[in-house]
Amino acid sequence: MKVQELKDAFLAHYGKPAQKVYFSPGRVNLIGEHTDYNGGHVFPCALTFGTHMLVAKNNDNVLRFHSLNLPDASKEVSLADAVKPQPGNHWCNYPLGVIAQFPKIGFELKEGYDMLFWGNVPPGAGLSSSAAIEVVAAYAFSDLLGAGITRTQMAQFGQASEHEYAGVNCGIMDQFASAWGKKDHAIYLNCDTLEFEHVPVKLEGIKVVIANTHSPHKLDSGAYNDRVAQCHEALAEINKVRPLKQLADLSEQEFHEIENHITDPVAHRRARHVVTECERTKNAVEAHKRGDIQTFGKLMCQSHVSLRDDYEVTGLHLDTLAEEAWKIDGVIGSRMTGGGFGGCTVSLVKDEAIPTFIEKVGKAYEQKTGIKADFYIAEIGDGAQTVE
Ligand code: GLA
C-alpha cells in the first residue's frame, strides 16, 4: 500500500489524521545462522519489505493498536496495563514489549497513542516480520518521547520485547539488521561486542534471490528455545574442563580438542554447528571482500548442510529448495535463511540463470511437496526511518 492509502486508512479507522509515519524493514541473512546468541558473527541485510507505523496522540490514556494485515486486528491497552504482555500471544505484544522498555530508561508514557501498522514482509517466512514491527515501534517511540536512543538500543529494545513479551530467547541479529540496514550493504556484525561494519553487496551480474517454502512447519518458540538451551548445555559441559564465555570463542581446532567432553550427542552436534558456522561466516566475509564470490557461495552451501545435519532446523521443504538450487548452473550458493524449519532460502544466482532457477527449482519443489514456492529478487534497503 502507498503511504497516502495508509494515511486514509488511519483517518477512516480513528476519525483523525495520523501525525507521523515511520518504517522499518525485514531482513535476509546471507550467512551466520544460529550464531548470534552464541556470540558469533552474522551477515544479514535489510530488505525493502517492512512495516509502516502511523501514529497520533489520544487523550484517553490508552494505547490503541490496529493492523491492516494481521488477524485479530485491533487491541486497546490502558497505559497502566502496558507493563505486562497481553494474553493469547496477541501481535500487539511485539510493539507493547518495546514501549514497555522506555520507562526503564526514564521515559514514562504520559499520554495515550493511536497506532496503525501495515507490513508487507511475508509473515512466517523467516524474514523478520516481527523484528520490523518491534524496531519501527522503538524508532517511533524514541522520537515521540524525545528519548533519542541509538539504533543499537532500538535493536536491544526489540530483542527485549521478544524475550519478555513473546517468550522467544532470540539473539540480536534480526532487530539489529532492521535498525541499522543500509541500501546495497550487508551488516557484518559481531554479536558479542555489537561492533559492526557495512559491507557493499552490489554484485556484478548476480542477484540475491529469496525462495519462500510457504511450508506449514514454522520454527516455533519451543524448537528455537530448545536450540538455545542445547547450546548452553554444551557450553556448561565444556566449562567443566576449560573456562569459556561462549561457543563462538572456540576455533574449530580447539573444538576438536575438547569435543569429547560434551557427553550429550545432541548438544555435541549443536555446538559443532555453531563453531563451524562461526568460522564459515568469517571466511565467507573475507572471501566476499576480496571478490571471491565462488568461495562465498560454497560456504553458503556448507552452512545449509550443517544446519540440516547438525542443527536439525531444515526439513523437507527447505532441503528441497536448497538441494534443487545446487544442481543448477549459475547458482553460486544457496541455503536456508533465518531460524529454520519453514521460511525461506537465500541464493546467489547469476542474472542469466534466474529464469531457469525459478522454473526448475519451483517445479521440483511442487512435485515433492505439493506446494508452490514464491521467488523474490531481494532489494537491499535502508533501516528504520521517518517517512513523514
Ligand atoms: C531467528 C532469531 C535470530 C537468529 C536466527 C537464526 O531469526 O530471531 O536471533 O538466531 O533465528 O540465525
Side-chain angles (χ1 to χ4, degrees), residues 24-47 49 93-94 97-98 121-135 152 154-181 186-192 194 196 210 212-213 217-232 246-248 270 273-278 280-281 284 299-300 303-304 306-308 310-315 318 335-346:
S24 202
R27 64 95 190 94
V28 63
N29 187 23
L30 299 178
I31 194 160
E33 219 63 84
H34 289 281
T35 52
D36 59 350
Y37 52 85
N38 289 296
H41 284 78
V42 291
F43 197 48
C45 14
L47 297 167
F49 296 147
N93 282 322
Y94 296 120
V98 166
V121 184
L127 301 175
S128 300
S129 55
S130 58
I133 300 179
E134 290 150 7
V135 177
T152 297
M154 292 171 198
Q156 287 166 326
F157 280 19
Q159 185 189 25
S161 173
E162 290 278 348
H163 289 193
E164 296 164 18
Y165 278 60
V168 181
N169 298 326
C170 67
I172 190 90
M173 168 170 73
D174 305 347
Q175 294 78 8
F176 204 93
S178 185
W180 276 107
I187 303 168
Y188 185 40
L189 169 67
N190 177 331
C191 298
D192 180 27
L194 300 187
F196 72 98
I210 297 171
N212 190 343
T213 60
H217 306 292
K218 307 267 181 292
L219 176 70
D220 59 20
S221 56
Y224 185 90
N225 290 347
D226 284 350
R227 298 299 185 283
V228 178
Q230 288 153 355
C231 290
H232 288 161
Q246 52 200 3
L247 289 176
R270 304 297 187 250
H273 164 74
V274 172
V275 171
T276 57
E277 182 77 355
C278 287
R280 273 188 293 276
T281 306
L299 290 162
M300 287 175 81
S303 164
H304 184 91
S306 177
L307 288 156
R308 182 189 68 193
D310 278 348
Y311 223 65
E312 296 173 284
V313 288
T314 60
L318 288 167
R335 58 182 287 279
M336 61 151 271
T337 184
F341 293 111
C344 291
T345 60
V346 59

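Source: prediction; values computed, not measured. When a ligand or atom number is given, it counts from 1 through the structure's own listing order.
The protein atom (non-hydrogen) at minimum distance from atom 8 (O) of ligand 1 is Asp174 OD2, 2.6 Å. Protein heavy atom closest to atom 5 (C) of ligand 1, with residue, atom name and distance, is Met173 CE, 3.8 Å. The shortest contact between atom 10 (O) of ligand 1 and any protein heavy atom is with Tyr224 OH, 2.6 Å.
Within ligand 1, counting atoms from 1 as listed, the ones closer than 4.0 Å to a heavy atom of Tyr37 are 10 (O). For ligand 1 and Asp36, the ligand atoms under 4.0 Å from any heavy atom of the residue are 3 (C), 4 (C), 9 (O), 10 (O). Close approach of ligand 1 to Gly338 (heavy-atom distance below 4.0 Å) involves ligand atoms 6 (C), 11 (O). Of all atoms in ligand 1, numbered sequentially from 1 with element shown, those under 4.0 Å from a heavy atom of His34 are 6 (C), 12 (O). Residue Gly171 approaches ligand 1 through these ligand atoms, each under 4.0 Å from one of its heavy atoms: 9 (O).
Of the N and O atoms on the side chains of Arg280 and Ser306, at least one donor lies less than 3.5 Å from an acceptor on the other residue. Using a 3.5 Å distance cut-off with no hydrogens or angles, the side chains of Ser130 and Glu162 do pair a donor with an acceptor. With hydrogens and angles left out, the side-chain atoms of Gln175 and Gln156 include no donor and acceptor closer than 3.5 Å.
Within the 4.0 Å heavy-atom shell around ligand 1 one finds Arg27.
Heavy atoms only, all atoms of each residue included: His304 and Leu318 are closest at CE1-O, 3.8 Å.
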